[in-house]
Amino acid sequence: MTALATSSSSSPLHFWGYFMDHRSTDLSWLWSHTWLSVVPVVIGLLVALPLGWLARRYRFVYPPLISLTGLIYTIPSIALFVLIPPLFGLKSLDPKQVPIALTLYSIALLVRVVADGLASVSEDTVQAATAIGFKPLGRFFRVELPIAVPVITAGLRVALVANVSIVAVSGTIGMSNLGQLFTLGFQNSTTGPYYPPIVLGIVLCVLLALVLDRIVIILNTLLTPWRKAVRS
Amino acid sequence: MIRFESVSKRYPDGTVAVDELDFVAPSGQITVLVGPSGCGKTTSLRMINRMIEPTAGRILIDDQDVTKVDAAQLRRGIGYVIQHAGLFPHRTIIDNVASVPYLLGTDKKQARARAMELIERVGLDPRFAKRYPSQLSGGQQQRVGVARALAADPPVMLMDEPFSAVDPVVRDQLQDEFLRLQSDLGKTIVFVTHDIDEAIKLGDQVAVLRVGGHLAQLATPAELLSRPVDEFVAGFVGRDRGYRALTFATVGELAVHDEQTVTMGAPVPSRADLDNWILVVDAANVPQGWLNLAELRPDHTTVTAEMLYRGGTLATQGGSLREALDACLSSPSGRGVVVDSDGTLLGSITAAEVLGLIEKRRPGAAAVTGSGSERR
């Protein structure tokens, strides 16, 4: 990289020049950052759906499940990254440890969201669905889940944005993603603070979070045309 | 026909919701289950489509034990309407109505055509078809609920307080339309309500249940009002049951007197024939209200709308004695206005005359002029 010569300015505003100088690395970090943020949420949702259903169907499951998932969420991310390899039989610094940790966080967050989303379906609607002859599985996929979508997507938005920031933390243990920009910034702050990579990291993380958030909002709008319908 | 054979529901904690219930809901008729809360009426209803399973006894629909049929299959063959309609908020009205045909695997186009037919049949504007439930009023949603229950043309309908959550005016309207619909369709209906007036209005037969799920009396509405079996039923059917029983009493023809009238917009007459009250009609001879000559101001020269007393109800020729008596009692002149089925004026009748008719139809009284027939 011929970077340092042209990006010698350490002004925070110089992040754009820094980006142009390290485009291919930064973009590949952005790309992996995106995947690391999205895939665990998708897997987390797939796991959370049956768990949330269970918590709704058998009410006694709800309190312990919510306590347990809440507990997982309180484990600091850095600690979880370190704990994953021995628990899952991986080498330390295995590329799978970050997605596994993020999936756990996503499940923890989304189980409650799914259970609460299903609880938001009115009892009358559920009763009516049963009474007109829906079987439990059909009722779940064709009545309860579609009606729970707004609550679930609200939770997805939180999970995605949280993941974007947790992924950045994993950069500090050497995973290649936008978190690397912060490490670089600190490492280069030898004589004085070197801002450009740090500001660039923040800008790209915020942009990524905004874009992902917007995608979920659009998905939600597409899936719930009935919510736009206002009383006329 | 739905037959309850010693049906009981006892919960694990020992509570008895329904106790040895025996009755038959005949085909093509409305059987109303009525009683105070905790009498097991909803539990009884929900045992028919196995939303709740009985702990003892059997329920037969056309001699088929319901517990021997797959629950989902059974329910698809039974229309079900509940208090708040329970519509699917994420489906358009037409898809809500077509829910059961979809479940039965009916072709989508055919199911929608049928749904459209029903939407109009229950008195909804076809433009509502593409709207969502949240865009409809409570009364409109309830109509959709009825249409949804009818979509697969089930022979049996279960209705759990379907009209309780709407305002009294809309409720009355929904009840009337429901009766009209039923006279076309002839479904076997079990209807649950806590409102004895609704039970009496809608039921071909009424089952009064008491707390603990005992059947207190099963009878036609007229019988229930005239011969309650015990204190509980008497108390439940209410204090003015004598008056309400007149709902089921008709006389062939009311003998009416000619009534002096003035047309809306015409000059105010200087004097009235009988007293100060003159009946005002419109150009088509439809009664509009009463005019009190004693209360006129000098500037009142022609008959206008704001001068009228509109409190009086109208009795329809051929209607019930209750209507006739109410028309007299509510009329400011004391003369009840009688109209024909088109609403045009026939004449008037006094409370004393109506009471005379009521006296005559007592058991043991002299033969009644006209036929003192019961409406049901």
Side-chain angles (χ1 to χ4, degrees), chain A residues 45 49 52-53 56-60 113-156 216-232, chain B residues 42 45-46 48-52 69-93 95-104 127-128 130-137 140-141 144-145 148-152 154 157-162 165:
Chain A
L45 180 62
L49 281 177
W53 175 83
R56 177 70 193 145
R57 175 71 181 74
Y58 304 98
R59 306 291 160 92
F60 64 90
V113 165
V114 171
D116 292 351
L118 294 175
S120 77
V121 182
S122 98
E123 196 53 37
D124 283 330
T125 303
V126 178
Q127 291 287 336
T130 310
I132 69 171
F134 273 103
K135 292 177 181 170
L137 209 62
R139 192 183 72 193
F140 179 75
F141 283 109
R142 282 147 75 187
V143 178
E144 296 177 86
L145 193 55
I147 298 173
V149 161
V151 177
I152 294 176
T153 50
L156 280 180
V216 177
I217 292 175
I218 291 169
L219 269 179
N220 180 53
T221 313
L222 290 178
L223 287 172
T224 59
W226 48 281
R227 289 191 86 224
K228 260 194 320 190
V230 281
R231 202 168 269 271
S232 54
Chain B
T42 296
L45 185 84
R46 301 173 104 217
I48 299 173
N49 70 350
R50 298 185 57 195
M51 301 278 283
I52 297 175
V69 190
D70 173 69
Q73 293 303 326
L74 174 78
R75 291 171 190 151
R76 289 171 194 179
I78 298 177
Y80 193 79
V81 188
I82 53 172
Q83 191 171 13
H84 297 280
L87 300 182
F88 303 131
H90 63 305
R91 289 189 174 179
T92 56
I93 299 307
D95 286 339
N96 261 285
V97 174
S99 293
V100 184
Y102 288 162
L103 280 174
L104 292 169
R127 282 178 309 175
F128 287 171
K130 290 275 180 273
R131 296 197 188 162
Y132 289 97
S134 64
Q135 293 170 292
L136 270 57
S137 70
Q140 289 164 338
Q141 289 190 26
V144 178
R148 180 175 65 182
L150 287 169
M157 293 247 285
L158 307 179
M159 307 182 81
D160 190 0
E161 309 222 6

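Chain identifiers are assigned alphabetically (A, B, ...) following the order of the sequence lines, protein sequences preceding nucleic acid strands; residue numbering begins at 1 within each chain. The figures that follow rest on heavy atoms only: side chains count, while hydrogens, waters and symmetry mates do not.
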Does R148(B) make a cation-pi contact with F88(B) (under 6.0 Å, within 45 degrees of the axis)?
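Yes.
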Just by distance, do the side chain of [X] and the backbone of [Y] share a donor-acceptor pair under 3.5 Å?
X: R75(B); Y: N49(B); value: yes
X: Q141(B); Y: P133(B); value: yes
X: R76(B); Y: A152(B); value: no
X: E161(B); Y: Q83(B); value: no

Chain B-proximal positions within residues 129-139 of chain A [heavy-atom distance under 4.5 Å]:
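The list, in residue order, reads A129(A), T130(A), A131(A), I132(A), G133(A), F134(A), K135(A).
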Ignoring hydrogens and geometry beyond distance, is a side-chain donor-acceptor pair present between R46(B) and Q127(A) at under 3.5 Å?
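Side chains of R46(B) and Q127(A): pair found under 3.5 Å.
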What residue in M51(B), H90(B), H84(B), R91(B) has the most heavy-atom pairs under 4.5 Å with chain A?
H90(B)
Contacting moiety of T224(A), where chain B heavy atoms sit under 4.5 Å:
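Neither part.
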Contact class of I82(B) relative to chain A, heavy atoms under 4.5 angstrom:
side chain
Between L145(A) and W53(A), is any pair of side-chain heavy atoms under 4.5 Å apart?
no
